[in-house]
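Structure first, then comments.
In what follows, every chain begins at residue 1, and chains take the letters A, B, ... in the order their sequences are listed. These figures come from a predicted structure and were not determined experimentally.
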2 protein chains.
Amino acid sequence: MLEGKQPDEKQDFASSDDGALAVRRLKLWIRMLGVTRLVENQLREFLRVGHDTTLPRFDVMATLHRRRDGLSMTELSRTLLISNGNATAVVDRLVRDGLVRRIHSDTDRRRVTVILTPEGVTQFEALAVRHRATIDRLFAQLDDEDLDMMRDVLRRLRGDLTGESGG
Amino acid sequence: MLEGKQPDEKQDFASSDDGALAVRRLKLWIRMLGVTRLVENQLREFLRVGHDTTLPRFDVMATLHRRRDGLSMTELSRTLLISNGNATAVVDRLVRDGLVRRIHSDTDRRRVTVILTPEGVTQFEALAVRHRATIDRLFAQLDDEDLDMMRDVLRRLRGDLTGESGG
DNA sequence: CTAAAAAATTTTAAGCTTGAAATAATTATG
DNA sequence: CATAATTATTTCAAGCTTAAAATTTTTTAG
């Protein structure tokens with residue numbers, strides 16, 4: 001019963017105009033996921049062999065470096081789009097290794113502020129330069145026009161995915 | 001020595017033309033990673049509440065559904081860009097749940113072919129329809145022009161990342 | 001034929017990740 | 001003030017993931 005579609009089949013889906021578009025969107029997602037994984041695998045390799053660290057650790061340290069006065073655990077996990085328990089685990093190991101420090105708030109004793117140690121800052125900054133160079137190499141094909149276009153499309157997508165208003 | 005760039009500084013980097021481009025590429029990567037995670041989180045939620053399964057399981061089953069005569073463990077892990085040990089773990093659980101079967105080759109006793117069971121086929125096909133609809137909704141903003149453009153850029157990126165020749 | 005090399009898979013240890021439950025502290029409500 | 005609801009974080013069990021080592025089998029070279 002797949003063939004013989006009647007023309008009077010009303011296409012009243014809110015989002016999908018016809019099946020062909022839906023298929024193209026699915027294929028795009030698969031392609032996008034594949035490229036993301038390839039890049040992640042390259043970055044993982046770079047971090048492992050060159051700097052004896054991992055992607056999740058790098059992500060946490062990058063976030064803490066951008067927000068030098070620290071973040072709460074909740075802010076950290078929301079920024080990185082990971083679960084709260086996951087944040088705890090990664091931060092635990094970074095604390096163990098002396099790269100990150102937990103500061104317990106005096107005014108609200110539930111709250112913890114996570115912050116890079118001086119050693120963490122030093123290590124991250126050394127890393128960040130080479131990380132950026134690695135990304136630059138992997139994305140070397142993309143010129144300003146490509147970047148404009150991708151940025152616009154990804155912005156629109158993120159708008160939808162975060163409920164349109166903020167993010 | 002960063003300022004006062006002489007015009008005769010030959011830009012003979014293969015990939016990077018100037019710092020501004022490098023920064024834009026880095027920002028694009030961060031944006032792309034964010035959108036990918038948002039989509040993955042939505043899909044994870046959809047699979048969990050609606051179908052009591054997970055993203056890695058879905059990925060394996062989708063691959064096996066596309067290649068109905070089965071794949072070896074090596075082919076499977078390479079297709080999904082995951083490690084061989086990871087593939088073993090996910091397949092183990094799918095076998096335990098009766099959705100996937102391992103067939104040991106007679107001619108090469110190292111080789112294992114992994115294939116969906118009839119129950120696996122049934123379950124996946126029910127899932128796939130709703131999965132596609134979910135993607136279609138999440139990517140509803142993208143029209144044919146967007147899809148063309150994204151496909152081209154992602155193709156170029158993948159070319160670089162897989163060594164240009166094949167993939 | 002035999003030993004070495006290569007190939008396919010599994011096992012292992014460590015770390016990553018999630019969602020849910022538990023803990024602890026603060027704020028809101030009567 | 002008491003207690004209910006909320007907020008912040010950690011703990012927990014299960015599953016995911018990797019890289020490296022181990023196992024088993026096949027292929028290659030002598």
- Note on the structure: In 5'-to-3' order, the base (B), backbone-only (S) or no-contact (-) status of each nucleotide in nucleotides 3-15 of chain C, using a 4.0 angstrom heavy-atom cut-off, is ----BSBBB---S

- Do B:Ser105 and B:Thr107 have side-chain atoms, one donor and one acceptor, less than 3.5 Å apart?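 Side-chain D/A pair, B:Ser105 to B:Thr107: present.
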
- Cut-off 3.5 Å, side chains only: do B:Thr53 and B:Arg57 have a donor facing an acceptor?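 The answer is yes; a qualifying pair exists.
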
- Item | A:His51 and A:Phe58: CA distance, side-chain angles, deciding distance, ring pair (Phe, Tyr, Trp, His ring centres under 6.0 Å) verdict | CA-CA 10 Å; A:His51 301 273; A:Phe58 180 85; 9.1 Å; no

- Message: Is any side-chain heavy atom of A:Gln123 closer than 4.5 Å to one of A:Leu99?
- Response: yes

Separation of atom [atom1] in [X] from atom [atom2] in [N], rounded to whole Å:
X	N	atom1	atom2	answer
A:Arg109	D:dT10	CZ	C1'	16 Å
A:Ile103	D:dA8	CD1	P	18 Å
B:Ile82	C:dT17	CD1	C1'	15 Å

- Does the side chain of A:Arg48 get closer than 4.0 angstrom to OP1 or OP2 of D:dT18 through an N or O atom? no

- Message: Need to verify one output field. Residue with the more 5' nearest nucleotide on DNA chain C, A:Asp106 or A:Ser83?
- Response: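 The residue closer to the strand's 5' end, by nearest nucleotide, is A:Ser83.
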
- Using a heavy-atom distance cut-off of less than 4.0 Å, which residues of residues 38-47 of chain A contact DNA chain D? A:Arg44

- Would you call A:Asp148-B:Arg24 a salt bridge at under 4.0 Å N-O?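 Looking at A:Asp148 and B:Arg24, the cut-off is met.
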
- Item | Carboxylate-amine/guanidinium proximity below 4.0 Å for A:Asp146 and B:Arg156 | yes

- Query: Restricting to pairs with a member in residues 67-121 of chain B, which pass ring-ring contact (aromatic ring centres under 6.0 Å, His included), not counting sequence neighbours?
  - Reply: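 ring-ring contact (aromatic ring centres under 6.0 Å, His included) check on residues 67-121 of chain B returns no pairs.
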
- Query: Is there a donor-acceptor pair closer than 3.5 Å between any side-chain N or O of A:Gln42 and the backbone N or O of A:Val39?
  - Reply: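 Side chain of A:Gln42 to backbone of A:Val39, a donor-acceptor pair under 3.5 Å: no, none is there.
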
- Which is true for A:Thr107 with a 4.0 Å heavy-atom rule: it touches a base, it touches only sugar-phosphate, or it touches nothing? sugar-phosphate

